[in-house]
S.K.: 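Attaching a single structure in structure tokens format; questions to follow.
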Number of protein chains: 4
Amino acid sequence: MSGNTFGKLFTLTTFGESHGPALGAIVDGCPPGLELSEADLQRDLDRRRPGSSRYTTQRREADEVRILSGVFEGLTTGTPIGLMIDNTDQRSKDYSKISEQFRPAHADYTYHHKYGRRDYRGGGRSSARETAMRVAAGAIAKKYLAALGISVRGYMSQLGPIAIDFKSWDGVEDNPFFCPDPERLPELEAFMDQLRRDQDSVGARITVIAEGVPPGLGEPVFDRLDADLAHALMGINAVKGVEIGAGFDSIAQRGSEHRDEMTPEGFLSNHAGGVLGGISSGQPLVARLALKPTSSITIPGRSIDIHGAPVEVVTKGRHDPCVGIRATPIAEAMMALTLLDHLLRQRAQNGDVHVTTPRLGQC
Amino acid sequence: MSGNTFGKLFTLTTFGESHGPALGAIVDGCPPGLELSEADLQRDLDRRRPGSSRYTTQRREADEVRILSGVFEGLTTGTPIGLMIDNTDQRSKDYSKISEQFRPAHADYTYHHKYGRRDYRGGGRSSARETAMRVAAGAIAKKYLAALGISVRGYMSQLGPIAIDFKSWDGVEDNPFFCPDPERLPELEAFMDQLRRDQDSVGARITVIAEGVPPGLGEPVFDRLDADLAHALMGINAVKGVEIGAGFDSIAQRGSEHRDEMTPEGFLSNHAGGVLGGISSGQPLVARLALKPTSSITIPGRSIDIHGAPVEVVTKGRHDPCVGIRATPIAEAMMALTLLDHLLRQRAQNGDVHVTTPRLGQC
Amino acid sequence: MSGNTFGKLFTLTTFGESHGPALGAIVDGCPPGLELSEADLQRDLDRRRPGSSRYTTQRREADEVRILSGVFEGLTTGTPIGLMIDNTDQRSKDYSKISEQFRPAHADYTYHHKYGRRDYRGGGRSSARETAMRVAAGAIAKKYLAALGISVRGYMSQLGPIAIDFKSWDGVEDNPFFCPDPERLPELEAFMDQLRRDQDSVGARITVIAEGVPPGLGEPVFDRLDADLAHALMGINAVKGVEIGAGFDSIAQRGSEHRDEMTPEGFLSNHAGGVLGGISSGQPLVARLALKPTSSITIPGRSIDIHGAPVEVVTKGRHDPCVGIRATPIAEAMMALTLLDHLLRQRAQNGDVHVTTPRLGQC
Amino acid sequence: MSGNTFGKLFTLTTFGESHGPALGAIVDGCPPGLELSEADLQRDLDRRRPGSSRYTTQRREADEVRILSGVFEGLTTGTPIGLMIDNTDQRSKDYSKISEQFRPAHADYTYHHKYGRRDYRGGGRSSARETAMRVAAGAIAKKYLAALGISVRGYMSQLGPIAIDFKSWDGVEDNPFFCPDPERLPELEAFMDQLRRDQDSVGARITVIAEGVPPGLGEPVFDRLDADLAHALMGINAVKGVEIGAGFDSIAQRGSEHRDEMTPEGFLSNHAGGVLGGISSGQPLVARLALKPTSSITIPGRSIDIHGAPVEVVTKGRHDPCVGIRATPIAEAMMALTLLDHLLRQRAQNGDVHVTTPRLGQC
């Protein structure tokens, strides 16, 4: 209820602050019999890990995850899976200044008013470091989904003003931007170098796609698949917008254009983004999210302190100039968690529904 | 769990099909002592009601709501509030054709695969008629919030290709479009008339704003105020995108531009849209949603039937050429429900938090 | 969250006061394809109905339930089932006295302190009349379970000081006490007649048993089947105790006596009451509940009014001298709702678990 | 949903197996500003700890708890509190036999049928070792409640056939039985010594009492305070029965006897056990629970193996001859967690209710 649990049937509950001793999570509801080891989680954690390129924060965290329960003899048992990552690179520094100031565009001001106090070291609970646990849990969900033929993948589709068309999944994992068009890499690198010289930051757009999703996932009327996905993705730090399928372009579309016609061979388009009436159609599930520019920049900004007095804030430290760059694995994780939760919900209520109508091919 | 309940502390559970005997809802968690009568609910129901202008469906429903419990001697008692609206205009018609066909862009295909059967009369449960109950419940939430100085209002900010700048709240309620600029009305009317001649439909963008929101609402890390709002708004029929504050424009913004600086006099901008770290900042809460064009149009479309055979579908009947036109009260309702739920959650955990830091003025 | 919803996957949300216009409920999560009509619900409602014998209250309610949604062409659709019962026998009477007094052992004093106000007519929301909706919803659950070979039945095992041994299910439905031993009926009738002459009331014990329950239902560690059942049964008006299997007799048992040994032919005893480690064992699920004596009696009692002044209270009206007499169908309903909820939960997470170990026979 | 989370607003989620590397928990929803350190939790953990007397299991666990998050500068921050206890005494032993056998009265058979597999070392997840985390979390709840003047205490009221009348809280903590009458200790010790010689086990009854509870806690109609308490207490390993106030004795009581009359000076009795209509009355909240005898005894018992063949089972190892002896701190923890959860729920919905009626004194 205090917001640290995600999901209804496949649930993730997390704890941990940026500069506390550890991050942890409990994954509950994982069906038994899934082959699982720490290596399965580590791959995605490494994709998200800070310090892996010169375009991300230089904080160096090993992010080594331990599985503390719920797996026995290499298989999940159906009992809760305890996860833990020790925080290893908590540089001691002087926080006396930041403890009484509100950094603009950070959660400092709102945490202060909500809780009356906050762990100000590195943003405490509001740090994006918390997303490591989402990535670890998402890897479990991905593995379960993969066994059913469902894949969840993402890429960066815009960096600041630079829109990137999708070319191919090949190579997405070979560059720190998750860029789906290798020819654009020099442009992105040049942009980031200039940004660093400007000591500024920029936003990004990430596209996440699930393929192989069976039709029938999603619960009308409130817990639609797209509504729950919007909740999942908007809940990632720095996200300011989520769209499904044609998204905001739907506004100017005509009904005769937007509707995805069907033939026995399959859907003829996918403006719906794989969801009709809140329920998956079997087409690829397509979501895009907008991430705001990093708030921590060294350009001085006006703010106030906890006494209400004006201050000038300069945020030093090791920060990502574009938080969107490392967001792809997080977005994938949140989509995977959402899908698996709905898969289990569908099993519960409609597990024995069988229709003779053939499923349409993906488009 | 089957998705027909919204909220955690202030909850709305609905039932009802388009052509069943009635729509109903249970609102649970309303604090006692709120003055409440059916007239309070009727006003918003009338704003959403079909048949109120020539730009909306000609189905004529009285949409008269009855309060069946939870109010005694004019005041809420704290017990659940039962609501009911009888369906009065369920024209008998021949559904034999539609019962075996999947209308493109409707929920027919997905309901069929999810449940194995569906009430095909008028879309059954997937009909937007269900939103009447959201509007009724939202009116209760709005009334409670209003007593605390919190207002929730919306307007249409784009109709198909026509973007509409906000001029003033005056007049928004005087036109069927909820258009905030009376000078644009002739343009909108002409557009709609041409659309009707084309027998086509179009999408829309709605902007919803809450003012007077205290800082501190929203639960990190998953149940952020913006994440829950995204869930609420994306859960409205036909919505394909949700953004908060600068939204998708954040992508191309620089950090020095996006961050809302603070002075003792208040925030200097509101790119955040009233939410920082998932928690309300005290600034106006600003959300925009994209609605797709109505799927029911008379232009023939290709589809299949439940046996997988190709069919041509023509959707006759009484339909809104732009579902977005009646969406403003629904969006307001969902924002109000989300806010009140979080207000109660904040009370539960942090009701006794007091800070001496002055609250900044709205911007 | 405000307590008017029961269950996680198969949920029941109710509304309604004793003397309001109607009682209602929404049953969400019922799998599609179940044959269902009002007659299925009416049978159990009639078993619980007041005024059906001279040993129960003489309030005469038709308790005719209407299904308002979720059923189409005689089958459930998977969408929420709206239920309603009109209150027909709300005698107008003078409530001026009761409105300011707290009847001893009633919820008057606690509602007053919780909500600050209450609908005092007939107990308002705290009236046992609310259980009609549980019985209606329970009948849906029972029907679903019956199709899987699971039965839920109950009987009265003690009336005041008179303990009743189980003889046979035959005849339980033929007497107003749900007494499983027809030879004891004269004794029960004589006892009740004397009780009425004494103008007093008395408690009762009900035994509820589910047979045909598959092994594997129940979620460790908190939502054990027995723990959820205790929640369900203790949540019935007037219940003060719940026990499973040997229950309180377990205290004095030795481990060598209590443990139910197993042979290939089956369990050799059922002290566990069908639950081991919180999970069903396949044996009959056996629960017993203790109901306190009716609080509404005409013998004067000391109390206070809302100003704190002493008053003498005499509760007139039409009351059951033993609320336990009509509690059997309610207890069955709550057990059935609990079982079906756990059946769906089990399907969600472990639906594909298959073991080759033979299931033991019931005992 | 998989049952490893307790509570709605103040939630406890646990993980861990008896012989895994660690036990852990996440406590979410603790209000900020509570002074908290590991010492606060350790006291109750030590009260429950195995190996502390010759009447309990000789497994020696340090049960040292670490707080990993949610506390900053000695005060809770409102963010989730991560807890961990390393398992230190996991004796390596040969489990080849037990892995294929079902011990009578254990969860072996039911876990096997539920999950298809199980961590058989020391009972895995079904081990009472899991309750250590409940005790740790309960200590947080107790501390919060204590600041509001609410105490939660328990004692053993029956050991096997020996009923123990309450004499005084003095001395309860000075003996390993939590016996409230020091004069009965020799009798209990003699009984336990004989039991050990018999190589058998026995049940127990625990009484838990909360004092200082304000009126108004508990949510009708399903989530009554007593119903949620029944869920909490029945969810403790080995519990087979729960009763509130007069409990099962209510059955034979008359209404004129059971009802607790009120005078301006206070209630005249407490048969209700502090709950009326599911809501706290301000009187002491009194619950009693029945624990079955320990299932692990060395007297051979008949059972089957996973292939269905008959086996003779002898459970060696270090076991409590009466699990009830260490249950008092667990029962207190579960009552405290339930109370705090309802306290927060009451704040959310009715936090601003004020009545002028004086509260009655406790009885």
Side-chain angles (χ1 to χ4, degrees), chain C residues 2-3 6 104-105 107 110 113-114 116 126 130 158 160-161 200-201 203 205 215-216 219 221-224 226-227 230-231 234-235 240-241 243-244 247-248 250-252 254-256 258-259 261-262 264 276-277 279 281 290 292-295 297 299 301-304 306 308 353 355 357-358, chain D residues 2-3 6 104-105 107 110 113-114 116 126 130 158 160-161 200-201 203 205 215-216 219 221-224 226-227 230-231 234-235 240-241 243-244 247-248 250-252 254-256 258-259 261-262 264 276-277 279 281 290 292-295 297 299 301-304 306 308 353 355 357-358:
Chain C
S2 292
F6 180 85
T110 55
H113 277 281
K114 182 176 190 68
S126 71
E130 170 269 334
Q158 189 169 341
D200 216 335
S201 61
R205 185 175 59 191
E219 301 290 336
V221 297
F222 295 116
D223 294 350
R224 293 162 190 252
D226 41 3
H231 171 257
M234 193 73 93
K240 300 303 287 182
E243 57 181 7
I244 308 291
F248 278 86
S250 306
I251 299 170
R254 295 216 156 188
S256 53
H258 179 89
R259 63 176 172 182
E261 291 181 295
M262 294 176 266
L276 288 170
I279 304 171
S281 66
K292 69 175 185 181
T294 311
S295 305
I297 52 177
I299 301 173
R302 279 168 291 178
S303 188
I304 61 168
I306 62 170
V353 166
V355 296
T357 308
Chain D
S2 292
F6 181 85
T110 54
H113 276 280
K114 182 177 190 66
S126 71
E130 170 268 335
Q158 188 170 342
D200 215 335
S201 62
R205 185 173 60 191
E219 301 289 336
V221 296
F222 296 117
D223 294 350
R224 292 162 191 252
D226 41 2
H231 171 257
M234 193 72 94
K240 301 303 288 181
E243 58 182 5
I244 308 290
F248 279 85
S250 307
I251 298 169
R254 296 214 155 189
S256 53
H258 179 89
R259 62 175 172 182
E261 291 181 295
M262 293 177 266
L276 288 170
I279 304 172
S281 66
K292 70 175 186 180
T294 312
S295 305
I297 52 176
I299 301 173
R302 280 168 291 178
S303 189
I304 59 167
I306 63 170
V353 167
V355 296
T357 308

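Quick caveat: nothing in here was measured; it's all calculated off a predicted structure.
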S.K.: How far does CG of Asp226(C) sit from NE2 of His231(D), to the nearest 0.5 angstrom?
M.R.: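 Those atoms lie 9.5 Å apart.
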S.K.: Between Lys240(C) and Gly247(D) (side chain of the first, backbone of the second, donor and acceptor by atom type, cut-off under 3.5 Å), is there such a pair?
M.R.: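 Flag not set: sc Lys240(C) to bb Gly247(D) has no pair under 3.5 Å.
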S.K.: Select one option (side chain, backbone, both, neither) describing which atoms of Arg224(D) are under 4.5 Å from chain C's heavy atoms.
M.R.: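 For Arg224(D), the contact with chain C is made by the side chain alone.
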S.K.: Within this structure, what is the CD1-NZ distance for the pair Ile279(C) and Lys114(D), rounded to the nearest 0.5 Å?
M.R.: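 Ile279(C) CD1 to Lys114(D) NZ: 5.5 Å, rounded to 0.5 Å.
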S.K.: Side chain, backbone, both or neither: which part of Val355(D) has a non-hydrogen atom closer than 4.5 Å to chain C?
M.R.: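 Side chain of Val355(D) only, per the 4.5 Å heavy-atom cut-off to chain C.
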S.K.: Heavy-atom pairs under 4.5 Å with chain C are the metric here; pick the option from Pro358(D), Ser250(D), Gly277(D), Ala105(D) that has the most.
M.R.: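 Top option by heavy-atom pairs under 4.5 Å: Ser250(D).
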S.K.: Starting at CG of Asp200(D), measure out to CZ of Arg254(C) and round the result to the nearest 0.5 Å.
M.R.: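 Nearest 0.5 Å value for the CG-CZ distance: 5.5 Å.
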S.K.: If I take atom CZ from residue Arg259(D) and atom CD1 from residue Ile297(C), how far apart are they, to the nearest 0.5 angstrom?
M.R.: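 That separation rounds to 4.0 Å.
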S.K.: His113(C) and Val353(D): side chain to side chain contact (heavy atoms under 4.5 Å, CB included), yes or no, with the steps?
M.R.: CA-CA 8 Å; His113(C) 277 281; Val353(D) 167; over 6 Å; no
S.K.: Any side-chain heavy atom of Pro215(D) within less than 4.5 Å of one from Thr110(C)?
M.R.: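 Contact flag for Pro215(D)/Thr110(C) side chains = no.
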S.K.: Among Gly116(C), Gly216(C), Ser126(C), which residue forms the greatest number of heavy-atom pairs with chain D at distances under 4.5 Å?
M.R.: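 Maximum pair count with chain D is reached by Gly216(C).
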S.K.: For the candidates Glu261(D), Glu130(D), Lys292(D), which exhibits the highest count of non-hydrogen atom pairs separated by less than 4.5 Å from chain C?
M.R.: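 Of the options given, most contacts go to Glu261(D).
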S.K.: If we define contacts as heavy-atom pairs under 4.5 Å, which of Ser295(D), Ala230(D), Ser281(D), Gly255(D) has the most with chain C?
M.R.: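 Of the candidates given, the most pairs with chain C belong to Gly255(D).
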S.K.: Do Ser2(D) and Glu219(C) have side chains that approach each other closer than 4.5 Å (heavy atoms only, starting at C-beta)?
M.R.: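 Contact flag for Ser2(D)/Glu219(C) side chains = yes.
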S.K.: What residue, out of Gly301(D), Gly308(D), Ala107(D), Pro293(D), has the most heavy-atom pairs lying under 4.5 Å from chain C?
M.R.: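 Highest number of pairs under 4.5 Å: Pro293(D).
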S.K.: Quick one: of Pro161(C), Pro104(C), Ser201(C), who has the most non-hydrogen atom pairs under 4.5 Å with chain D?
M.R.: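 Option with the greatest count: Ser201(C).
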